[in-house]
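First up is the structure itself, then whatever we jot down about it.
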Amino acid sequence: MCLFCKIVEKNIPANIELENDDFVAFHDINPKAPIHILAIPKKHVDSFNEVSAETMSGMTTFIQELTKKLGIDKSGYRVITNVGENGGQEVKHLHWHVIGGSKLRWDHLADADPKDFF
Ligand code: AMP
């Protein structure tokens, strides 16, 4: 069973912010901003590559509810999912990083210099 499936099953503890029958959102153990929550489907999906449109539909509503609960829907936030090796995905259970609580940086994201490709 993967790490996030264990959180879903409550086999390992997590600081849960919001939960319904299909999704759960909990605080990232290593936050990169004042608010850093991980929103996941309870049903195991490896990554965004495999997720169904139906799950994404529910996920969208869930994340919108989450950002309202956190009080960041008006001030703004970022939603990110890392996919695969280049995306930096460490946990192979689809998760959306919901990040906010302050002005977020938007520096260059790639190890390679974008200018080298133009
Ligand atoms: P990613 O690199 O996109 O796969 O993100 C995985 C995230 O999971 C990282 O931000 C980790 O800090 C976070 N993480 C790992 N273990 C736990 C845990 N037990 N509880 C909460 N967050 C975790």
Side-chain angles (χ1 to χ4, degrees):
M1 191 186 284
C2 89
L3 177 65
F4 288 174
C5 282
K6 287 180 186 160
I7 287 177
V8 169
E9 295 295 328
K10 310 275 197 300
N11 289 337
I12 63 169
N15 184 1
I16 292 175
E17 186 66 37
L18 187 66
E19 182 170 9
N20 66 21
D21 287 347
D22 298 318
F23 304 99
V24 60
F26 51 92
H27 290 256
D28 195 294
I29 207 167
N30 183 22
K32 299 203 182 322
I35 292 173
H36 186 169
I37 308 287
L38 301 175
I40 70 170
K42 289 186 172 178
K43 182 169 176 281
H44 183 94
V45 179
D46 282 349
S47 80
F48 185 71
N49 279 338
E50 292 82 17
V51 73
S52 69
E54 185 190 4
T55 298
M56 280 309 302
S57 172
M59 193 94 245
T60 300
T61 307
F62 183 73
I63 291 173
Q64 288 167 344
E65 184 183 347
L66 175 68
T67 60
K68 284 193 185 76
K69 184 171 187 237
L70 294 165
I72 59 172
D73 55 315
K74 300 285 193 300
S75 56
Y77 56 90
R78 196 167 292 160
V79 181
I80 298 170
T81 188
N82 296 326
V83 181
E85 191 179 340
N86 273 2
Q89 183 180 5
E90 288 174 1
V91 179
K92 307 298 187 264
H93 182 134
L94 174 65
H95 50 283
W96 296 87
H97 297 260
V98 179
I99 300 167
S102 77
K103 183 86 177 165
L104 299 173
R105 297 177 57 131
W106 186 247
D107 297 328
H108 78 274
L109 297 176
D111 285 343
D113 188 337
K115 290 194 211 73
D116 293 343
F117 294 88
F118 295 100

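Remember, predicted model here, so these are calculated numbers, not experimental data. First listed ligand is number 1; within each ligand, the first listed atom is number 1.
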To which of Ile7, Leu94, Ile29 does the heavy atom nearest atom 22 (N) of ligand 1 belong?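 Among Ile7, Leu94, Ile29, the closest heavy atom to atom 22 (N) of ligand 1 belongs to Ile29.
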Who's closest to atom 13 (C) of ligand 1 heavy-atom-wise, of Asn15, Asp28, Ile12?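 Nearest heavy atom to atom 13 (C) of ligand 1 lies in Asp28.
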Under a 4.5 Å side-chain heavy-atom rule over Ile, Leu, Val, Met, Phe, Trp and Tyr, are Leu94 and Phe26 clustered together?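 Looking at the clustering, Phe26 is in a separate group from Leu94.
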Are Phe48 and Val91 connected, step by step, through hydrophobic side chains (Ile, Leu, Val, Met, Phe, Trp, Tyr) whose heavy atoms are closer than 4.5 Å?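 They do not share one cluster, since no chain of ILVMFWY contacts under 4.5 Å joins Phe48 to Val91.
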Nitrogen or oxygen of Gly88 less than 3.5 angstrom from that of ligand 1: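 Checking ligand 1 against Gly88, an N or O pair does fall under 3.5 Å apart.
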For ligand 1 and His36, I'd like to know whether there is a polar contact (N/O to N/O, distance under 3.5 Å).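 N/O-N/O distance under 3.5 Å: no.
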Fit a plane to each ring of His97 and His36, take the angle between them on a 0 to 90° scale, and name the class: parallel (under 30°), tilted (30 to 60°) or perpendicular (over 60°).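 Answer is tilted, since the angle falls between 30° and 60°.
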Contacting atoms of ligand 1, where contact means under 4.0 angstrom from a heavy atom of [X]:
X: Leu3; answer: 16 (N)
X: Phe26; answer: 21 (C)
X: Phe4; answer: 8 (O)
X: Asn82; answer: 1 (P), 2 (O), 3 (O)
X: His27; answer: 21 (C)
X: Asn30; answer: 12 (O)
X: Glu90; answer: 1 (P), 2 (O), 4 (O)

Which residue and non-hydrogen atom of the protein lie closest to atom 1 (P) of ligand 1, and at what distance in Å?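 Answer, as residue, atom name and distance: His95 NE2, 3.1 Å.
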Does His97 have a non-hydrogen atom less than 4.0 Å from ligand 1?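 A heavy atom of His97 does come that close to ligand 1.
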Applying a 4.0 Å heavy-atom criterion (strictly less than), which segment of [X] is in contact with ligand 1: side chain, backbone, both, or neither?
X: Lys32; value: neither
X: Trp96; value: neither
X: Leu38; value: side chain

Pairwise distance CG(Asn20) to CD(Glu65) - rounded to 0.5 angstrom: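 It is 7.0 Å, given to the nearest 0.5 Å.
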Around atom [atom1] of [X], are there more than 12 heavy atoms of other residues, nucleotides or ligands at under 6.0 Å?
X: Lys10; atom1: NZ; value: yes
X: Lys43; atom1: NZ; value: no
X: Asp107; atom1: CG; value: yes

Using every non-hydrogen atom in the two residues, find where Ser47 and Val83 come nearest and quote the distance to one decimal.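 Scanning both residues completely, I find the closest heavy atoms to be OG-CG1, 3.9 Å.
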